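Below: one structure, written as structure tokens.
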Amino acid sequence: MTPKDTKRTEGQLMATEDELRQIRLNKAARLREMGVLPYPNDWRTNPELEDKRRSVVELAADESARSALPVEDELSEDAPQMPLFGRVIAKRGPFLVIRTPHGDAQALVRPEKLSERDAALLKLVDLADHVMVEGPVIRTKTGALAVSARRYEHLGKALLPPPAKWHGLKDVEKRYRERYVDLFANPAVAEVFRARTVVVQSLRRFLDALDFLEVETPLLHVTRGGATAKPFETHHNTLDLELILRIAPELYLKRLLVGGFDRVYEIGRAFRNEGISTKHNPEFTILELYMAYATHEDLMDLAVDMIRAVDAELRARFPELTAERAFDLSADWKRVTLRDSIAERLVRAGREGVPKTTWTDKLSHEAIDDPEALANACNAMLAKLGPVAQKQLEHCETHGERLFAIFEQLVEPDLTALYRTGDGSQTVPVFITEYPIEVSPLARSNDDDPAFVDRFELFIDGREISNAFSELNDPDDQAARFEGQLRNRERGDEEAMDFDADYIRALSHGLPPAAGFGLGVDRLIMLLCNQPSIRDVLLFPLLRPENE
RNA sequence: GGGCCAUUAGCUCAAGUGGUAGAGCAGUGGAUUCUUAAUCCAUUGGCUCCAGGUUCGAGUCCUGGAUGGCCCA
């Protein structure tokens with residue numbers, strides 16, 4: 001005992017976290033002395049109780065409906081007993097505010113209305129405990145709803161104090177690390193994750209209605225393919241086999257088209273061993289769909305319909321969350337070739353909110369289709385670029401690679417300035433089409449110009465949401481593309497794909513003419529729910545572990 | 001990878017130029033018991049992120065590190 005401790009009277013313990021915990025442990029012990037378990041498991045809900053609880057909470061939020069409720073003194077003898085159970089988040093006078101998945105409602109808990117046992121239990125309640133009350137629903141003097149408790153049960157002890165009731169939990173790191181607290185302390189956060197589920201369900205509903213078959217393909221892959229990215233590596237002991245976590249499901253899904261499923265999709269996790277940012281988490285959710293007897297142009301139409309349908313459902317269910325929008329999904333979605341987007345960027349530089357850059361001086365409109373002029377322009381730019389952009393440009397060996405690099409560096413950052421509604425108030429979704437063949441190893445080349453492929457990427461509010469193309473189903477062409485990837489690997493490209501011999505064999509059995517579409521589900525949710533960081537739409541984003 | 005910012009009680013935040021670390025909420029004891037961030041009285045609670053340094057004296061200044069956020073590449 002330190003001298004400080006001796007000054008304390010009983011009941012005046014220090015309020016460090018350990019001692020706040022000890023105070024609650026002491027209350028748990030007193031529950032045990034009363035013959036009540038601190039963590040009981042013998043109280044059960046059922047559909048009927050659940051419906052009643054939901055109706056109580058909904059009534060509590062409905063000002064006009066609750067005005068018809070009786071006050072305590074007007075209660076009839078046979079007033080129905082309604083349940084309210086959940087977590088205590090505030091104590092106000094003789095009221096407990098109880099949080100449920102449907103919202104908050106309050107209980108009026110007066111000891112004289114309870115049995116001696118229940119009144120004694122009530123004395124031991126702490127904020128954040130799980131409790132259940134039952135009694136008639138009344139209107140309070142201030143017009144609020146309350147369940148006037150005739151029965152009180154302790155359902156579970158919280159040993160740690162909840163965050164401040166008014167401010168909630170604000171510490172961003174703590175919110176991500178202790179999402180369980182974030183969710184019950186900040187209802188707006190929980191709302192985002194409910195919205196997330198609605199988006200995913202809505203995607204499924206849309207595709208199911210079009211007779212797409214939802215499938216599950218392996219997460220453990222032997223070869224890297226379907227995207228260009230660094231994988232996570234792992235090992236299977238029994239087979240003594242090096243495996244990677246999939247970077248995309250693409251090649252398995254297309255095998256299923258060979259197998260005769262003409263419309264398939266998968267919503268699942270993909271893993272990329274890359275940086276973490278507000279737009280990147282090492283594991284993320286991807287939707288990929290494949291459709292036989294369709295082209296990438298059909299999938300543009302499908303993408304518009306699908307995203308509009310999802311958004312309509314989301315907006316109907318979450319009007320507040322979706323109120324602020326920098327983009328307009330109801331406008332006509334632009335379709336621009338990659339080369340035209342560069343040309344447009346150059347022509348409009350310095351006008352209409354489209355900024356000038358050093359590229360604007362070095363690169364002429366005519367150079368876009370002239371390999372030598374483009375290479376010269378790139379060389380002239382090199383010194384002006386940052387290290388990463390410089391590296392990307394230096395690695396370019398072909399006209400197509402240069403076009404793609406220029407698109408990424410020059411056009412992509414200013415897409416929101418380039419494509420806007422007529423009055424300029426909002427951005428418009430844009431499909432960028434005709435990608436160079438070199439950067440599209442799985443896409444079908446264009447029949448009229450084999451240097452480009454039948455592919456698009458969809459950008460909404462400047463953010464890349466989707467990538468899609470008509471599928472390459474010529475096995476010899478695909479084999480040559482894989483060879484090209486291997487050469488890139490030798491050039492030092494760690495993201496290049498492997499040669500997938502089984503996939504070539506699958507194509508050799510005949511992949512029907514088809515098109516495929518991939519969508520970053522987390523990014524779509526960020527966009528539609530107006531969330532600035534991918535961590536705000538992932539329940540448990542990857543963080544460096546805490547020490548200790 | 002680079003730059004900027006942040007880290008103080010369980011939570012939310014204060015502490016001009018270096019001078020005894022404070023408040024609200026939560027907690028504890030009591031009063032009250034139809035409250036709406038309940039109120040009233042009393043009261044507990046600190047390795048000021050970590051490790052060094054400068055100084056008579058560091059939450060504050062310097063160096064290094066940790067974690068997080070934002071921006072740039």
Side-chain angles (χ1 to χ4, degrees), chain A residues 2 4-27 60-61 63 66 69-75 88-98 104-114 119 122-129 138-149 158-178 181-182 184-186 274-279 357 384-393 405 408-409 412-413 532-536 541-548:
Chain A
T2 64
K4 237 179 176 180
D5 285 325
T6 59
K7 279 197 271 180
R8 288 184 193 129
T9 58
E10 194 180 354
Q12 287 186 319
L13 294 167
M14 288 199 299
T16 63
E17 186 170 359
D18 276 351
E19 280 150 344
L20 290 172
R21 184 189 185 90
Q22 189 56 53
I23 287 164
R24 287 170 179 243
L25 279 171
N26 293 345
K27 291 184 187 176
E63 193 179 338
R66 70 177 185 247
L69 291 169
V71 299
E72 181 96 52
D73 294 340
E74 302 167 351
L75 278 173
V88 177
I89 57 156
K91 292 192 267 185
R92 289 194 298 248
F95 295 91
L96 297 179
V97 183
I98 294 175
D104 299 345
Q106 58 177 0
L108 175 58
V109 283
R110 310 186 71 160
E112 65 269 24
K113 303 260 185 203
L114 296 170
L122 176 63
K123 283 187 176 172
L124 296 173
V125 70
D126 282 309
L127 289 185
D129 283 359
I138 60 160
R139 173 167 50 94
T140 70
K141 283 181 181 165
T142 54
L145 170 147
V147 173
S148 182
L159 296 182
L160 291 171
K165 61 190 168 196
W166 184 242
H167 301 284
L169 182 63
K170 284 192 170 174
D171 184 305
V172 177
E173 182 180 357
K174 221 173 171 91
R175 284 186 43 228
Y176 294 152
R177 288 197 192 280
E178 300 182 33
V181 177
D182 193 24
F184 75 71
N186 301 324
E274 293 165 356
I276 297 177
S277 77
T278 49
K279 294 180 188 64
T357 75
K384 312 242 179 211
L385 295 172
V388 175
Q390 224 171 54
K391 204 174 166 190
Q392 183 185 9
L393 214 58
E408 285 198 328
Q409 291 176 29
E412 208 180 312
S533 168
I534 196 169
R535 293 183 202 96
D536 296 321
L542 184 66
L543 299 174
R544 216 178 286 270
E546 298 171 88
N547 359 347
E548 285 180 311

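Since the structure is predicted, the reported quantities are computational estimates derived from the model, not experimental observations. Values reported hereafter were calculated over all heavy atoms of this structure, with side chains retained and with hydrogens, waters and symmetry mates removed. Residue numbers begin at 1 in each chain, while the letters A, B, ... track the order of the sequences.
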| Nucleotide opposite B/U7 in a Watson-Crick or G-U pair, distances under 3.5 Å | B/A66
| field | B/A37 versus B/A73 - spacing of their P atoms, nearest Å | value | 46 Å
| request: Determine the Euclidean distance between corresponding C1' atoms of B/C13 and B/A21; express it in Å to zero decimal places. | output: 14 Å
| request: Taking only the side-chain heavy atoms of A/Thr16 (C-beta and beyond), determine which of B/U33, B/G45, B/G68 contains the nearest atom. | output: B/G45
| field | B/U55 pairs with, by Watson-Crick or G-U criteria that keep both distances under 3.5 Å | value | none
| Integer-rounded Å distance: B/C72 C1' and A/Gln392 CD | 16 Å
| request: Evaluate the side-chain proximity of A/Arg24 to A/Leu127: yes if any heavy-atom separation is below 4.5 Å, no if none is. | output: yes
| query | Tell me: CG of A/Leu542 to P of B/G68, nearest whole Å? | reply | 10 Å
| query | If we take the P atom in both B/G53 and B/A26, what is their distance in whole Å? | reply | 43 Å
| Atom pair distance, as rounded to whole Å: NZ in A/Lys391 and P in B/G2 | 15 Å
| query | Base, sugar-phosphate, or nothing for A/Lys27, non-hydrogen atoms under 4.0 angstrom? | reply | sugar-phosphate
| query | NZ/A/Lys123 to NZ/A/Lys27 distance, rounded to the nearest 0.5 angstrom? | reply | 12.5 Å
| request: May I have the distance from A/Ile89 (atom CD1) to B/U35 (atom P), rounded to whole angstrom? | output: 19 Å
| Distance check: side-chain N/O of A/Lys91 vs OP1/OP2 of B/U32, anything under 4.0 Å? | no
| Electrostatic pair A/Lys113-A/Glu72, nearest N-O below 4.0 angstrom | yes
| query | With a 4.0 Å cut-off on heavy atoms, is A/Arg21 in touch with a base, just the backbone sugar-phosphate, or nothing at all? | reply | nothing
| query | B/U8 and B/U48: how far apart are their P atoms, nearest whole angstrom? | reply | 11 Å
| query | Atom CG of A/Leu108 to atom P of B/U35: distance rounded to whole Å? | reply | 11 Å
| message | Of the listed nucleotides (B/G68, B/C34, B/A38), which one gets closest to any side-chain atom of A/Phe95? | response | B/C34
| field | Spacing of the C1' atoms in B/G29 and B/G45 (rounded, Å) | value | 15 Å
| remark: From CH2 of A/Trp166 across to C1' of B/A23 the rounded distance in Å is 18 Å
| Quick one: CD1 on A/Ile138 to CD on A/Glu74, what's the gap to the nearest 0.5 Å? | 10.5 Å
| field | Pairing partner (Watson-Crick or G-U wobble, both distances under 3.5 angstrom) of B/G16 | value | none
| task | Determine the contact category for A/Arg177: base if any of its heavy atoms lies under 4.0 Å from a base atom, sugar-phosphate if only primed atoms, P, OP1 or OP2 are that close, otherwise nothing. | result | sugar-phosphate
| remark: Quick note, A/Arg110 side chain, CB onward, closest among B/C34, B/G10, B/A38 is B/C34
| note | When rounded to whole Å, the CG to C1' distance for the pair A/Leu127 and B/G27 reads 10 Å
Every protein N/O lying under 3.5 Å from an N/O of nucleotides 12-15 of chain B:
unit_1: B/U12; atom_1: OP1; unit_2: A/Lys170; atom_2: N; d: 3.1
unit_1: B/U12; atom_1: OP1; unit_2: A/Asp171; atom_2: N; d: 2.9
unit_1: B/U12; atom_1: O2'; unit_2: A/His167; atom_2: ND1; d: 3.4

| query | Contact class for A/Arg535 vs. all strands (heavy atom < 4.0 Å): base, sugar-phosphate, or nothing? | reply | sugar-phosphate
